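Heads up, the thing below is written out as structure tokens.
Since we're looking at a predicted model, the values are computed, not measured. Read the numbers this way: they start at 1 and go in the same order the structure lists the ligands and their atoms.
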Amino acid sequence: MSSSQESSGSVTTIDALLQETRTFPPSAAFAAQANVRDASIYQVAHDDPEGFWASAANRLDWFQRWERVLEWDAPWAKWFVGGKLNASYNCVDRHIKTARRNKAAIIWEGEPGDTRVLTYRDLYREVNRFAAVLLDLGVRKGDRVAFYMPMIPELAIGLLACARIGAPHTVIFGGFSAESLRDRINDSQAKLCVTADGGWRRGGVVPLKDTTDAAVAQTPSIEHVLVIQRVGSDVRQVQMQEGRDVWYHEALGRITQKYVEPEQLDSEHPLYIMYTSGTTGKPKGQLHTTGGYLVGTSLTHEWIFDLKEDDVYWCTADIGWVTGHSYIVYGPLANGASVVMYEGAPDFPDKDRFWDLVEKYGITILYTAPTSIRTFMRWGDQYPAMHDLSSLRLMGTVGEPINPEAWIWYHNNIGHGNCPIVDTWWQTETGEIMITPLPGIIATKPGSATRPFPGIEADILDEAGNSVPNNVGGNLVIKRPWPAMSRTIWGDPDRYVATYWSKYPGVYLTGDGARRDDDGYFWLLGRVDDVVNVSGHRLGTMEVESALVSHPAVAEAAVIGASDPITGQAIVAFVTPRSGQQPNDALTAELKEHVVQSIGALARPKRIYYTAELPKTRSAKIMRRLLRDIAEGRVLGDTTTLLDPNVVAQIKEQYAASEG
Ligand code: ATP
Ligand code: MG
């Protein structure tokens, strides 16, 4: 066990932590065909990052070439200054001039099993028609458009239509409440809200239009609500408010324009505002712009996912999150990929739906989240085993640290040992993937996101701003600007500076803890706020959680530090057992001992609570700050981004009972 690091903010790492110590190099066959085969690219990009990104920018079509690659007046960045381009032109128009015109752009499946395939030519036609409707409704360059939508092709089409006319979009995930929708519309001052009469989820209809009605009753900036008919009036009737609400299909009937010229936009023209998940507090509206964002997302997509012309690529995220923006819409479509999009739940009609989709469409690249993988583990190996998954050749994860247990399960049960796994670390703020393997040249280690992408200068700092030695935790930072970075927090530049750029001047603070091992691999330790301090030893919650999840009875775990009169903080664990496991005192004792065996005595949980579900954001990240609030008997912080408020109420009750 390593010694403790006392300075506040840094995280001790305990070497005995990981039971899984194997490394997984790419197979010779994979390496031989990989898009990136030469590891010297890291050095090349390091020595001349601007030259590196400039050569990447040649992958796009520009109406006018940039004059300067980067203008950096920390923390304000401008990329490809003087350049003019259009994101929708790059994602659609340029492909229809090539053999890609009849290639599938979007392969969509609705939850009930209905399907649509749009070729690039189809997508081109639809984006133009949608753009014409936007213009008809009075939307102009610079106006904001809010989307509150199910995962249907019109969502991607609508975003590209906005990009075409230079109207920044802001997508609010369809699982959010009317209040959350209202607040984000008011923050962005959107003029139009695009929604649907409903979307399918677990066999039921999500009443998106009703929720929109409740929200827009309190959003003075909204002039019109554009409604896509998804479920149909025989399934669900919606109220249309005269003068304000417009059916999309009726609007299409009125327009005569079949082509809308793509605006020649400045490289720094705002493309969209995306609100963070709200795991640590009130969501922040991140502003992403056009040129740098498209360079960063398309390059990372091609290299990290090893994209080939005939791949069938599926990112299971919702477009309501940044992952969907960067790696369903902009990155993949700029690359001319075939993108699978699925509307509904992974357990409808049964728990094998994802694997059914992989088999049905011959999906070759799969990108999903650790939280989903842990759910699949809990459901059991029999579901993936029902399907032929042999089309898969590469898999990715994003959203949370992946515990080695889940990594190995994914590797064995989904990848059948044949697929490199790219564990990609990034944030809404970063826009593009920042720390990740390049699958043809980097041997992976389960639980590590491995190395910063070429051109990204990541470091781990102590409180004084010095790089920490290997195997010592600290604050993960980025020391140089990168093209897809958020330019500001919409309407609140002071908060942007205070949150990200004040602790270390000129250096981007990620808010995550990390350590580097002797091979220079990065290990994400969770949020710095989540660190637990036991008798002066600082532990990343991720480490204790990973130890718990490596026990066969445990499906998921969340760990927090609760005030303790003797040790400062004591470890309290909230555990979701795997199906069929009955929690009892014997299991509690066993789990405590298991953590001690894996990490050491100081990590022994003082209390373990069992819960069928953990509190999660709607993007399925564990919200430890609410568990901390419960444990400290505080009023709960912002709960608006919570998936299921009942979960917290139940845990609170249980906690109170055990305390009393
Ligand atoms: P908020 O900033 O409002 O609290 P959030 O941080 O959950 O919300 P996102 O931008 O969606 O919002 O999530 C980014 C965070 O997700 C990262 O800072 C990190 O904590 C976590 N994360 C994402 N990918 C990984 C990964 N591969 N490994 C470890 N952590 C990851
Ligand atoms: Mg964050």
Side-chain angles (χ1 to χ4, degrees), residues 11 171 173 176 180 184 274-286 288 300 304 315 317-327 367-373 395-404 406-407 410 421-437 444-453 458 473 475-478 484-486 489 492 495-496 499-500 508-515 521-531 540-543 545-546 615-626 637-643:
V11 187
V171 183
F173 173 58
F176 273 124
S180 300
R184 287 163 180 74
M274 163 62 39
Y275 292 85
T276 55
S277 300
T279 313
T280 54
K282 183 176 172 285
K284 306 170 271 289
Q286 305 295 338
H288 285 288
T300 50
I304 296 163
C315 166
D318 193 284
I319 293 179
W321 309 118
V322 73
T323 303
H325 282 53
S326 297
Y327 297 106
Y367 190 29
T368 193
T371 178
S372 304
I373 296 168
M395 308 187 302
T397 71
V398 59
E400 286 194 298
I402 182 164
N403 45 298
W407 196 103
Y410 195 35
I421 295 177
V422 289
D423 173 357
T424 63
W425 177 89
W426 60 296
Q427 308 176 299
T428 307
E429 294 87 339
T430 70
E432 61 178 291
I433 295 169
M434 304 291 279
I435 303 181
T436 175
T444 54
K445 302 184 190 184
S448 170
T450 76
R451 295 182 58 170
F453 189 81
N475 293 309
L476 178 67
V477 300
I478 312 294
M485 66 196 280
S486 161
I489 293 177
D492 200 349
R495 191 177 178 204
Y496 179 74
T499 308
Y500 308 112
Y508 173 76
L509 181 72
T510 66
D512 285 349
R515 72 174 169 96
Y521 279 39
F522 284 68
W523 297 78
L524 275 300
L525 301 173
R527 291 153 206 286
V528 174
D529 297 353
D530 290 338
V531 167
T541 49
M542 165 64 190
E543 302 181 287
E545 288 162 9
S546 193
K616 289 183 182 167
T617 61
R618 282 159 206 271
S619 63
K621 294 170 195 283
I622 299 170
M623 256 168 143
R624 294 175 194 81
R625 70 177 163 87
L626 291 182
D638 185 5
T639 53
T640 52
T641 59
L642 208 56
L643 179 64

#### Entry: Over all atoms of both residues, closest heavy-atom pair of E432 and Y327
CA-OH, 3.5 Å
### Task
Report yes if K282 has an N/O atom closer than 3.5 Å to an N/O atom of ligand 1; otherwise report no.
no
### Query
Any heavy atom of S619 sitting closer than 4.0 Å to ligand 1?
no
### Message
Using a 6.0 Å distance limit plus a 45 degree cone around the ring axis, check whether R618 lies over the aromatic ring of F173.
### Response
no
### Query
What closest approach, in Å, do H288 and T430 show between heavy atoms, and which atom pair accounts for it?
CE1-C, 4.3 Å
### Under 3.5 Å: N/O of I402 near N/O of ligand 1
no
### Task
Say whether G399, considering both its backbone and side-chain N or O atoms, lies within less than 3.5 Å of an N or O atom on ligand 1.
yes
### Task
Give a yes/no on ligand 1: does K284 have at least one heavy atom closer than 4.0 angstrom to it?
yes
### Query
Is E545 salt-bridged to R624, going by a charged N under 4.0 Å from an acidic O?
yes
### Minimal non-hydrogen separation, W426 against V398, with atom names
NE1-CG2, 3.1 Å
### Query
What is the closest protein heavy atom to atom 5 (P) of ligand 1, and at what distance does it sit?
T279 OG1, 3.5 Å
### Query
Counting distance only, does the side-chain N/O of T424 pair as donor-acceptor with the main-chain N or O of T397 below 3.5 Å?
yes
### Task
Could you pull out, from E429, R527, M434, the option with a heavy atom nearest to atom 6 (O) of ligand 1?
R527
### Query
Non-hydrogen atoms of T510 versus ligand 1: any pair closer than 4.0 Å?
no
### Query
Could a heavy atom of W426 be found less than 4.0 Å from some atom of ligand 1?
yes
### Query
Are any of the heavy atoms in A449 under 4.0 Å away from ligand 1?
no
### Query
Is R451 close enough and on-axis enough to Y521, meaning under 6.0 Å and within 45°, for cation-pi?
no
#### Entry: Location of contacts on S277 toward ligand 1, heavy atoms closer than 4.0 Å
both
### Query
With only distance considered, is T397 within less than 3.5 Å of ligand 1 through an N or O on each side?
no
